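These numbers come from a predicted model, not from an experiment. Within every chain, numbering begins at 1; the chains are lettered A, B, ... in the order of the sequence lines, protein sequences first and strands thereafter.
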Amino acid sequence: MLSKKFFDRPTLMAARELLGKFLVREVNSERMEGMITEVEAYVGPNDKASHASRGRTERTKVMFGKPGHWYVYLVYGMHYCVNIVTEKEHYPAAILIRSVDGVTGPGRVSKQFKIDKTCDANASSRKSGLWIEDRGVRVQRIERGKRIGVDYARKWKDKPWRFRAIEWKQR
DNA sequence: ACGATGATGAAC
DNA sequence: TTCATCATCGTA
């Protein structure tokens, strides 16, 4: 299981390395799991694409908290987005999980893994029923691009902070 | 191309 | 208390 230490470092670095890791969900003795194939980084208090750029609020306070905790929120009144908090406490940053195996799109991922508001602010751990594991997959090729759905973010909208696994190998 | 759908944050 | 906005998705 990935420890807090994995997330306590620069977000772009953690984001790239999150590709190929496995998202595991356990709820009502049902277990789901899949390899993370696409992520986006939201970094620091000035990133206008990040919810944290408006400062610390009830919703976003978890982004300012300890690394390795889940930030889950509702978008467009319908879909949940699943993020994992990174970097040191008080520095707001997180990684959005956009695709897992064949499940492409943050809303679809949360639906597939039954992730909702009850997961928000929990630590990534077996106990919380939602965690991440390293199973020895080595990602060999990564595509990098702009983040999706953040056209309002001025100069931050074109930051190439989305990462997608193109090629990988089981060790 | 567009509407669904409701929490959130900021303005009033 | 109101109001615009929104890290999306399914249908057309």
Side-chain angles (χ1 to χ4, degrees), chain A residues 2 6-7 9-23 25 32 34-124 128 130-132 142-166:
Chain A
L2 296 191
F6 181 93
F7 301 101
R9 57 181 167 147
T11 308
L12 297 184
M13 209 176 288
R16 272 181 293 245
E17 291 194 27
L18 201 52
L19 297 175
K21 302 298 186 290
F22 279 71
L23 180 67
R25 174 72 164 141
M32 292 157 278
M35 197 184 81
I36 297 170
T37 52
E38 187 182 14
V39 297
E40 265 175 15
Y42 290 84
V43 188
N46 300 316
D47 177 4
K48 288 289 182 287
S50 171
H51 293 162
S53 68
R54 290 168 184 275
R56 195 181 187 119
T57 67
E58 191 55 32
R59 178 178 60 161
T60 64
K61 65 184 180 190
V62 60
M63 285 189 77
F64 292 77
K66 294 190 176 108
H69 286 241
W70 297 107
Y71 171 44
V72 180
Y73 63 90
L74 186 67
V75 263
Y76 299 107
M78 296 183 174
H79 310 287
Y80 290 100
C81 287
V82 189
N83 304 249
I84 186 116
V85 174
T86 54
E87 313 223 18
K88 296 198 190 319
E89 190 170 9
H90 302 129
Y91 184 84
I95 301 165
L96 170 66
I97 298 178
R98 291 197 65 92
S99 303
V100 174
D101 279 340
V103 186
T104 60
R108 291 174 182 153
V109 168
S110 54
K111 188 179 177 193
Q112 176 73 25
F113 285 81
K114 294 186 164 59
I115 296 166
D116 61 19
K117 199 74 191 169
T118 63
C119 298
D120 183 52
N122 290 346
S124 171
S128 75
L130 184 62
W131 69 96
I132 297 172
I142 295 173
E143 178 192 82
R144 186 176 184 167
K146 295 175 185 177
R147 293 175 293 180
I148 306 291
V150 294
D151 287 350
Y152 56 84
R154 304 150 56 134
K155 71 173 182 182
W156 300 85
K157 78 181 171 69
D158 294 324
K159 297 279 181 194
W161 290 353
R162 180 163 57 97
F163 303 94
R164 194 160 69 92
I166 299 295

Value in whole Å for how far the C1' atom of C/dC6 lies from NZ of A/K157: 17 Å
Pairing of A/R162 and A/E38 as salt bridge, 4.0 angstrom limit: yes
Under 3.5 Å: donor-acceptor pair, side chain of A/R25, backbone of A/F113: yes
Residues A/D47, A/R147: salt bridge by 4.0 Å N-O rule: yes
Of the listed nucleotides B/dA4, B/dA7, C/dT8, the one nearest the side chain of A/L74: B/dA7
Whole-Å gap separating C1' (B/dA7) and NZ (A/K117): 8 Å
d(OH, A/Y80; C1', B/dG6) in whole Å: 10 Å
Side chain A/R108, main chain A/V103, donor-acceptor under 3.5 Å: no
Contacting residues from residues 46-59 of chain A, given that a heavy atom lies under 4.0 angstrom of DNA chain C: A/A49, A/H51
Under-4.0 Å side-chain N/O to phosphate OP1/OP2 contact, A/R98 with C/dT8: yes
Pair partner, B/dT5 [Watson-Crick or wobble, under 3.5 Å]: none
Nucleotide C/dT11, atom P - distance to CZ of A/R108 in whole Å: 10 Å
Selected nucleotide, minimal atom distance to A/P106 side chain, candidates C/dT8, B/dA4, C/dC6: C/dT8
Counterpart residues, ring-ring contact (aromatic ring centres under 6.0 Å, His included), relative to A/Y73 (two or more places apart): A/H51, A/Y71
Nearest-neighbour nucleotide for the A/Y71 side chain, C/dA7, C/dT8, C/dG10 considered: C/dA7
Worked verdict on A/D158 versus A/K146 for salt bridge (charged side-chain N to carboxylate O under 4.0 Å, His left out): CA-CA 5 Å; A/D158 294 324; A/K146 295 175 185 177; 3.3 Å; yes
Shortest side-chain distance from A/T60, nucleotide among B/dG9, B/dT8, C/dT8: B/dG9
Candidates C/dT8, B/dT5, C/dA7 - which lies nearest the side chain of A/H79: C/dT8
Gap between atoms OH and P, on A/Y76 and C/dT11 respectively (whole Å): 19 Å
Atom pair distance, as rounded to whole Å: NZ in A/K61 and P in B/dT8: 11 Å
Nucleotide forming a Watson-Crick or wobble pair with C/dA7, both distances under 3.5 Å: none
Pair of N/O donor and acceptor under 3.5 Å linking B/dA7 base with A/Y73 side chain: no
Where A/G44 and A/A93 come nearest, the two heavy atoms and their spacing: N-CB, 4.1 Å
